[in-house]
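The shown structure was predicted, so the numbers you read here are calculated from the model rather than taken from an experiment. Throughout, a chain's letter reflects where its sequence line sits, starting with A, and its residues are numbered from 1.
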4 protein chains.
Amino acid sequence: MQALMEHRSPGRPRCEETRNAILRAAYELLEEGGLDAFTIEAVAERSGAAKTTIYRWWPNRGALAIESFLELSEKYAQFPQTGSAIADLKTQMRRFARALRGRIGQIVSSILAEAQSCPETRTAFAEGYINPRRAALQQVIDRGVAQGEFRAGLPLNDVGDALYGSLLLRVLLRHAPLSDAAVDQLVDTAVQGLRAA
Amino acid sequence: MQALMEHRSPGRPRCEETRNAILRAAYELLEEGGLDAFTIEAVAERSGAAKTTIYRWWPNRGALAIESFLELSEKYAQFPQTGSAIADLKTQMRRFARALRGRIGQIVSSILAEAQSCPETRTAFAEGYINPRRAALQQVIDRGVAQGEFRAGLPLNDVGDALYGSLLLRVLLRHAPLSDAAVDQLVDTAVQGLRAA
Amino acid sequence: MQALMEHRSPGRPRCEETRNAILRAAYELLEEGGLDAFTIEAVAERSGAAKTTIYRWWPNRGALAIESFLELSEKYAQFPQTGSAIADLKTQMRRFARALRGRIGQIVSSILAEAQSCPETRTAFAEGYINPRRAALQQVIDRGVAQGEFRAGLPLNDVGDALYGSLLLRVLLRHAPLSDAAVDQLVDTAVQGLRAA
Amino acid sequence: MQALMEHRSPGRPRCEETRNAILRAAYELLEEGGLDAFTIEAVAERSGAAKTTIYRWWPNRGALAIESFLELSEKYAQFPQTGSAIADLKTQMRRFARALRGRIGQIVSSILAEAQSCPETRTAFAEGYINPRRAALQQVIDRGVAQGEFRAGLPLNDVGDALYGSLLLRVLLRHAPLSDAAVDQLVDTAVQGLRAA
DNA sequence: CGCTAAACGAGACGGTACGTCGAGTCTTACT
DNA sequence: AGTAAGACTCGACGTACCGTCTCGTTTAGCG
């Protein structure tokens, strides 16, 4: 059925191989040298594609950066499901922090930087990367509430920003560690809140 | 002692007027157009100083950016002191958010971006801008604990990162508002924590 | 014989309409904007043909330029035949100059320019455009000699180069006019020569 | 006096070495490969100068081409002075032709080509290169007239165009030789004119 | 009062990357 | 097989800033 209806547009079709080579080169450069190394010219050279080809498909650095990141970075934005919502929260945050400690951290910080002078990159990152994580967080929160671990009526935005904001701030400023222990403590603090018992 | 003996080095002394003109121009450009508009060349032109002069005193963009910011931005990193620590917290966070909503937000996001490819800028921002706020936060926390509003043993890093990280993330991604109400709610969430009563 | 038997080669025959559209577009572009406007890409767009099609039939810019010119430019490379050879010479030179003053001049100068980096274009122009004129010139010279107006033994090359070279040089450098009067005078000078009576 | 008044403009003075390197590189490229090889990029690479520097001083290819040519090409636009004006004419035309047969011919044809899409180059070439030759020609004509070899009232423009136009046309089209003998014959034809004795 | 030394303006310089244009080649679907 | 469409590589374009440099000028304190 579908085969009958699909009217391929005329002309030489886009070369998927080239597209992938470009995305891979972009990703590698981002993870190797961050924003500075991530040059359209460098991407072109490494991927073997012509600059023209890159500009045909991506309007600017940011667009390519974010797309290569979203396409190539592992995406376990999925909280585990064990008995304890708090434990799941910690596990997932540890995973995230572990990623941020490594190559991913470099890339994320580069993209965040780039996003500051390119609104499209900003929204693409927010929606393509943060939102899925926020959605997954919502589920674990719901589970926690259902199980009586968390109080009802938790505002997703606030919880998400507190948790992800903490981690990302540490990536950006490197003023505090992202170790497993540090993450656990951070989650604990968030869970317990500030107020006295 | 040293002050009395200070043997002014020979030669023409540094021109304070020029220094200020440069810092002011830098600040203005940052607040007007962010990272993109903030060019050494543009700073030179607007300030009337020669590029050479700028490079004589600042090693790179980041250094100038952060110095102009720290010198010219208003610095009420001081929590008010009313009866309630929570209220003080909210008030101060509102102030901060209000600043971030305006020109300062533009500059902060630019500096954070720049910091990603310049470690010196990163530490300068962390220490010159975030740390004072963190220190002030410590005081209000202490007061809160003393008054019985907050529980004892609150880790400053975690609380600070959660609060400031939330706000800064919203500056960086613009995915959620920085309105007074939003800030209040954010503080409330942090104060109450996630756990069920 | 062959014509009768001509076994049309297999496959779709060449589309004359397309060929003409291409030549016309090429010619127009040449006369409108000269060398700069004459782009294969522009020809393709204006003619509605694909670049591929153009490259199938013409090896390069120059070939298309010269062919469109030779095919579409009016070709009165025929000297008139009145009583006086000198008068005929003037008439014909005036005609040529008149053409060169207008659109044709633009095209000719473009082709001459293009010819400097493409030998094929050079010989094509020399043989396809200049040679016919030279041949016609030979006839009027012969007639002039027969009528006793011109001396015998005139070297065609030299006369032709002097006359056509003068006009073309004025097209190329625009340092002197191509008006009828100027052309007449130019012919007179050539006819009389330099030597004293 | 002048020395006292000359107020050097401020800033780093223009580097003559660089200027010369650029002009020399440009000239070499022109004489080696003509228009095609003459690329701003190639000039930059060969001269060791930055592209920026070239663009700072010359607005386009043509300007650089013509300047390098006028500055570096030998300029014996001076007719010899022997007894016979005709002989002098031949000698000088032979010299010119000899130059055109070699490297200079390549350059001249390239500049003429470039001039077709750049009016400034056109006038620069006409005035800087052709005019001096025309002026020198005027002198030999005057001498010829005074000596009774040439008739009075010879129009410089026409004579010059006929002679130089012939030679340049042969450079552009390569349809006829530029040998000494050919040049002599060309001059003879011009001197004698077409008309019968 | 003149000398020394640094600061300062101006602006040239070698670079790197930008984003664009056109050339000429190719792959595909349609006719 | 011819054609339109359009993706591809490649090379050069002209521009913007970078950070460095070389000037002549200015502004102090010291001898």
Side-chain angles (χ1 to χ4, degrees), chain A residues 7-19 36 38-44 48-57 59-61, chain B residues 7-19 36 38-45 47-57 59-61, chain C residues 8-15 17-19 36 38-44 47-61, chain D residues 7-19 36 38-45 47-57 59-61:
Chain A
H7 248 283
R8 278 246 271 108
S9 74
R12 177 173 172 176
R14 178 168 184 185
C15 175
E16 279 306 312
E17 233 173 299
T18 296
R19 176 171 179 272
D36 295 342
F38 183 66
T39 296
I40 296 290
E41 214 123 276
V43 173
K51 263 201 301 177
T52 328
T53 303
I54 299 178
Y55 280 112
R56 199 193 325 279
W57 300 108
N60 50 51
R61 255 176 26 145
Chain B
H7 252 283
R8 278 247 270 106
S9 70
R12 175 174 174 179
R14 178 168 184 184
C15 174
E16 278 308 311
E17 231 173 302
T18 296
R19 176 172 178 273
D36 295 341
F38 182 66
T39 299
I40 296 290
E41 216 124 89
V43 173
E45 188 180 11
S47 68
K51 269 202 297 176
T52 327
T53 305
I54 300 179
Y55 279 112
R56 199 188 328 275
W57 302 108
N60 50 50
R61 254 175 31 142
Chain C
R8 280 243 272 104
S9 67
R12 177 172 170 181
R14 176 166 185 186
C15 174
E17 232 174 300
T18 296
R19 176 171 178 274
D36 295 342
F38 181 67
T39 301
I40 295 290
E41 219 126 86
V43 173
S47 68
K51 269 204 297 177
T52 328
T53 305
I54 300 178
Y55 278 112
R56 198 193 321 281
W57 302 108
W58 293 274
N60 50 49
R61 254 175 30 141
Chain D
H7 249 284
R8 275 245 271 110
S9 73
R12 177 173 173 177
R14 176 168 186 184
C15 174
E16 279 306 312
E17 232 173 299
T18 295
R19 177 172 177 272
D36 295 341
F38 184 68
T39 297
I40 296 289
E41 213 123 277
V43 173
E45 188 180 12
S47 68
K51 263 202 302 177
T52 328
T53 304
I54 299 180
Y55 280 112
R56 200 192 325 278
W57 300 108
N60 51 51
R61 255 179 22 146

Should Thr53(D) be listed as having a side-chain N or O under 4.0 Å from OP1 or OP2 of dG14(E)?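 So the side chain of Thr53(D) is within the cut-off, an N or O lying under 4.0 Å from OP1 or OP2 of dG14(E).
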
Report yes if at least one side-chain N or O of Trp57(D) is closer than 4.0 Å to OP1 or OP2 of dC13(E); otherwise report no.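 Yes, because at least one side-chain N or O of Trp57(D) sits under 4.0 Å from OP1 or OP2 of dC13(E).
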
Rounding to a whole Å, what distance do you find between [X]:[atom1] and [N]:[atom2]?
X        : N       : atom1 : atom2 : value
Glu45(D) : dT16(E) : CD    : P     : 12 Å
Glu17(A) : dC26(E) : CD    : P     : 16 Å
Arg12(B) : dT27(F) : CZ    : C1'   : 5 Å
Arg56(B) : dG19(F) : CZ    : C1'   : 14 Å
Glu16(A) : dA7(F)  : CD    : P     : 13 Å

Among dA12(E), dC8(E), dT9(F), the nucleotide that comes nearest once only the side chain of Thr18(B) is considered: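 Nucleotide nearest to Thr18(B)'s side chain: dC8(E).
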
Taking only the side-chain heavy atoms of Arg14(A) (C-beta and beyond), determine which of dC13(E), dC8(F), dG9(E) contains the nearest atom.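 The listed nucleotide nearest to Arg14(A)'s side chain is dC8(F).
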
Reckon Ala44(C) touches a base, only the sugar-phosphate, or nothing at all at heavy-atom distances under 4.0 Å?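 Ala44(C): no heavy atom of the nucleic acid under 4.0 Å.
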
Looking at side-chain heavy atoms only, is the closest gap between Trp58(C) and Ile40(C) below 4.5 Å?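 They are not in contact (no side-chain heavy atoms under 4.5 Å apart), so the answer is no.
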
All side-chain contact (heavy atoms from CB on, under 4.5 Å) counterparts of Glu45(D), not counting sequence neighbours: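 Here no residue qualifies.
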
Minimum heavy-atom separation for Ala50(C) to Ala44(C), with atom names?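 For Ala50(C) versus Ala44(C), the nearest heavy atoms are C-CB, 4.4 Å.
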
Restricting to non-hydrogen atoms, name the atom on Thr39(A) and the atom on Asp36(A) that form the minimum distance, rounded to 0.1 Å.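 Shortest heavy-atom contact: OG1-O, 3.7 Å.
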
Using heavy atoms to find the nearest nucleotide of DNA chain E for Ala50(B) and Arg19(D) separately, return the residue whose nucleotide is more 5′.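 Its nearest nucleotide being more 5', the pick is Ala50(B).
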
Other residues, nucleotides, ligands: >12 heavy atoms within 6.0 Å of Glu16(D) CD: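 Result for CD/Glu16(D): enclosed.
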
Mind checking the CZ-CD1 spacing from Arg56(C) to Ile54(C)? Nearest 0.5 Å is all I need.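 Output value for this atom pair is 11.0 Å.
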
In B/S/- notation (B base, S sugar-phosphate only, - none; protein heavy atoms under 4.0 Å), nucleotides 13-18 of chain F written 5' to 3' is BBBBBB

Does the Lys NZ or Arg CZ of Arg14(A) fall within the cation-pi geometry relative to Trp57(A) - under 6.0 Å from the ring centre and within 45° of the axis?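 Relative to the ring axis of Trp57(A), which defines the angle, Arg14(A) lies inside both limits.
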
